[in-house]
Every structure is written in structure tokens, then in C-alpha cells.
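Notes follow the structure.
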2 protein chains.
Amino acid sequence: MVTASRPLRADAARNRDKLLAAATELFAERGLDVPLEHIARRAEVSIGTLYKHFPTRDDFVASIFPQRLAALDVIGEKALAEQDPWQAFAGYLEDLYALQAEDRGLNDVLTRALPDAPQVVAACHRGAGHAEVLIGRALAAGVLRADYSIADLATLTRAMAQVIRDSPDQWRRFLSIYAEGLRA
Amino acid sequence: MVTASRPLRADAARNRDKLLAAATELFAERGLDVPLEHIARRAEVSIGTLYKHFPTRDDFVASIFPQRLAALDVIGEKALAEQDPWQAFAGYLEDLYALQAEDRGLNDVLTRALPDAPQVVAACHRGAGHAEVLIGRALAAGVLRADYSIADLATLTRAMAQVIRDSPDQWRRFLSIYAEGLRA
DNA sequence: CGTTAAGTCGAGGGTGACCTCAACTTTTGT
DNA sequence: ACAAAAGTTGAGGTCACCCTCGACTTAACG
């Protein structure tokens, strides 16, 4: 079912872009819960227009985060390229949380129940896939505590989300302490 | 300035107790943000009566948490009585977060900006005092990483608050991993 | 140009939380 | 028993957010 609807009218395309830009900024600054009215205001567009283009909050998420989540793949590939299994895993964590720290919206996406946007879900699954390989390698090399699993990483991610929110200058230290506890 | 106001009328005292009971339950179940209307409803009292007795949310907190926070002193004393410095510190953490896990309201109190209730603030300071001694002892014994400080414990507490909320059955595991990273 | 489909606008209705206050009810003290 | 003081009540005002819809505006195309 190809949705080959007529292209947007010029003014509509412009407004859509302004909305997307505003939402991108505000999600990053304030998180996913920012009031939609704020987005409309920053885009200099009426609330009605916002709803025309993006009927639900998830429509914004679905339009914004797939490309943002591409960064997940980048750091995943980077980590897979690293030979030392511990360095690969630890570096991945560092990079992952650096991303979260930069973008409050990403922090929310990775923490809360996923929005029902297939592309977002897919990107997260790919990310989890990378993590699983990295954990597997580190386990095989005997450098990671033997009972570590992807579920622990999910827990850590939520914990880090909180730490990043509360004390953006402390998360690296917190992570490094935790990571010490991880070595075999 | 002694506020020797006349004692409460019988019905008023009864309502005050019902409100306190309801608030205690709901804070523990749902956290500090529970709507005041819910408290009134559970107490079977009108919203106006609630505001008569407790004009602000902090008035509830101030009436409820000092005794709840006495538990902090108990686990603090218990830890100070333990001879092995590592065991004392690690046991304290375990006990502290067990308290948090039992009571969503306590979790909130320990995590968020403190309510401006002097008794609550005082209890938290006493708790921090205990922790400071325990950290000092462990450092002196060389069993705790040399740069650990009370600020790290504050960070950990916020992280644990999140972990407890998201995965109440995982926090012990998470804590034990972190604690591994703490040993000297 | 003029028609018209597409798009924009914002007032306004809905919800849930906060808080107040004037009218009513109950306790208390004499 | 009664008056005054104390307490209770809930309707309703405020606010912030959600979302809709009918009247207006404008780009697109012949």
C-alpha cells in the first residue's frame, strides 16, 4: 500500500519543517513531555496546524528519532571494530551514555516504554543486538563477570538516565565505578 | 514562642488522624505526588477539611516523615555497631535501599529536593552523618576506593531510586555490582 | 485571473489538579 | 439548653494541558 499522496503544498511543507525543527530542539532540551503548545509556539505556527501535521506526540517521535538513533549504530559499529573485548564494551557504554547526556529526549526514549513507532523500536533492537555481541565477546574473553546479561544493561541504562538528569557532571564517574564492578 | 493553642475538637482530631493515615498509605503506595484529592477521598473527608488541617503538601510530609526517617537512625546505629568496616558500609547501603524499596514516598523524599520541613531535613542530615562516619572508617581501613565521598553516595541514591521504581526485583543485584566497583 | 482544494487559525470544550470561601453543622462550656 | 467557637462541606474559580472544528486564507493549476 503505497501512500503516494500529492506532495505537500509549499506553505505546508515550510510549516512542517518549522514544527520538526522546534520539536527537535525542545525534545532535546526538555524531554519528550514538553507541551505540544510550546512546540507550536516555537515553530510560530498555530496549535491547529501542529495537529494537522502531527496528530499525536508519537508522530513527532517517529519523525525525529530514527535519524537520531542512527548514532546508536555508529557507536555500535565503532565498538565492534575495537579488538580488546573489555575496551569495546566499556567504550560502548561510555559512548551510549554520552549520547543520552546530550539529548534529554533520547534519554527519555531509551528509558521509558518505547513509543509505538516501528522505526524507533527497530533502531533500539539493533542497538540491543550490538550490545549483546559486545557482552558475548567480553564474556568469552573472561573479562566480564560471568553472569552479566543484557537485562543488566537495561537496568543500568535507566539508572544512568536518572544520574544524567540529576547530575550531568557526575555520570562518567558513576559509570566508571559501576564498570569496575563489572570486570571478571 | 510556644504555640499553646487550644486542643483540637474531638471531630477535628478524628479527621486529622484519618487524613494522616490516608496520606501515609498513599505516599507509600504512590509517592509524594499523589493528588491531595485522593487523600481526602481515602480519608472520607472533604477537600476543604484537608486544607484546613494541612494547608500544603509539605505539612503532610512534615507530619509523616520524621517518624519514618527514624528508621534511618536505626540502620545507621546498626551499621556503626558492626566491626568489619566493609561489612558495615555495604550493609548500610543494603538496608538503606531496602527502606527505599518499601516506601515510594521515602524514595521520593530521599531523591528529590528536600521538602522544607526542618525535622525532615534534620533526619536526613543525621543519616548523612552516619554515612560519613561509615565511609571514613572504610577508607581508613583501606577497603573502599580512596576517592569515594558522600557525594557519590548521593548520586548512587538517586540512581537506586530509579532502579527501585523500574525494577523492584533487580535493585539488589544492581547494588551488588556497583558495590564490587567500590572495593579498594 | 479565478476556482477550489489544501492548509491555517484560534476560540473553545474537556480533563484533572490546585485551592478558597460562604453557608451549614457540631462540639464545647456555661 | 443555648450561644459562640470551631470545624466541615462542596461548588466553583484558576490553571495548564489536551484536542477539535468551522470559518478564514492561500497556493496551485487551468
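The basis for the numbers below is simple: all heavy atoms, side chains too, and nothing from hydrogens, waters or symmetry mates. Residue numbering restarts at 1 for every chain, and letters A, B, ... go by the order of the sequence lines.
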Is any NZ, NE, NH1 or NH2 atom of the basic residue among A/D152 and A/R145 found under 4.0 Å from an Asp or Glu carboxylate oxygen of the other?
no
Identify, with sequence neighbours excluded, every residue that meets side chain to side chain contact (heavy atoms under 4.5 Å, CB included) alongside B/A179.
B/W86
Can you tell me how far CG of A/L80 sits from OH of A/Y92, rounded to the nearest 0.5 angstrom?
8.5 Å
When rounded to whole Å, the CG to C1' distance for the pair A/L36 and C/dG10 reads 16 Å
Please list, by residue number, the residues of residues 11-28 of chain A whose heavy atoms come closer than 4.0 Å to an atom of DNA chain C; answer none if no residue qualifies.
A/D11, A/A12, A/N15
Provide, to the nearest angstrom, the distance between the CZ atom belonging to A/R9 and the C1' atom belonging to C/dC9.
13 Å
For the residue pair A/F174 and B/Y178, does the interplanar ring angle fall in the parallel (under 30°), tilted (30 to 60°) or perpendicular (over 60°) class?
parallel
Residue set satisfying salt bridge (Lys or Arg N to Asp or Glu O under 4.0 Å) with B/D84, at least two apart, ordered chain then number -> none
Residue pairs, two or more places apart or on separate chains, that pass side chain to side chain donor-acceptor pair (under 3.5 Å) and touch residues 16-31 of chain A
A/E25-A/R42, A/E29-A/R42
Near DNA chain D, counting only heavy atoms under 4.0 Å, which residues of residues 43-59 of chain B show up?
B/V45, B/S46, B/I47, B/G48, B/T49, B/K52, B/H53
Taking every non-hydrogen atom, the tightest pair across B/F65 and B/L106
CE2-N, 3.6 Å
Please determine if B/R165 and B/D108 form a salt bridge, counting it only when a charged side-chain N lies under 4.0 Å from a carboxylate O.
yes
Between CZ on residue A/F27 and CG on residue A/D103, distance to nearest 0.5 Å
10.0 Å
Reading DNA chain D 5' to 3', which nucleotide is the first, and which the last, to come under 4.0 Å of any heavy atom in chain B?
D/dA5 to D/dA11
Can A/V45 be reached from A/L8 by stepping across I, L, V, M, F, W or Y side chains whose heavy atoms are under 4.5 Å apart?
no
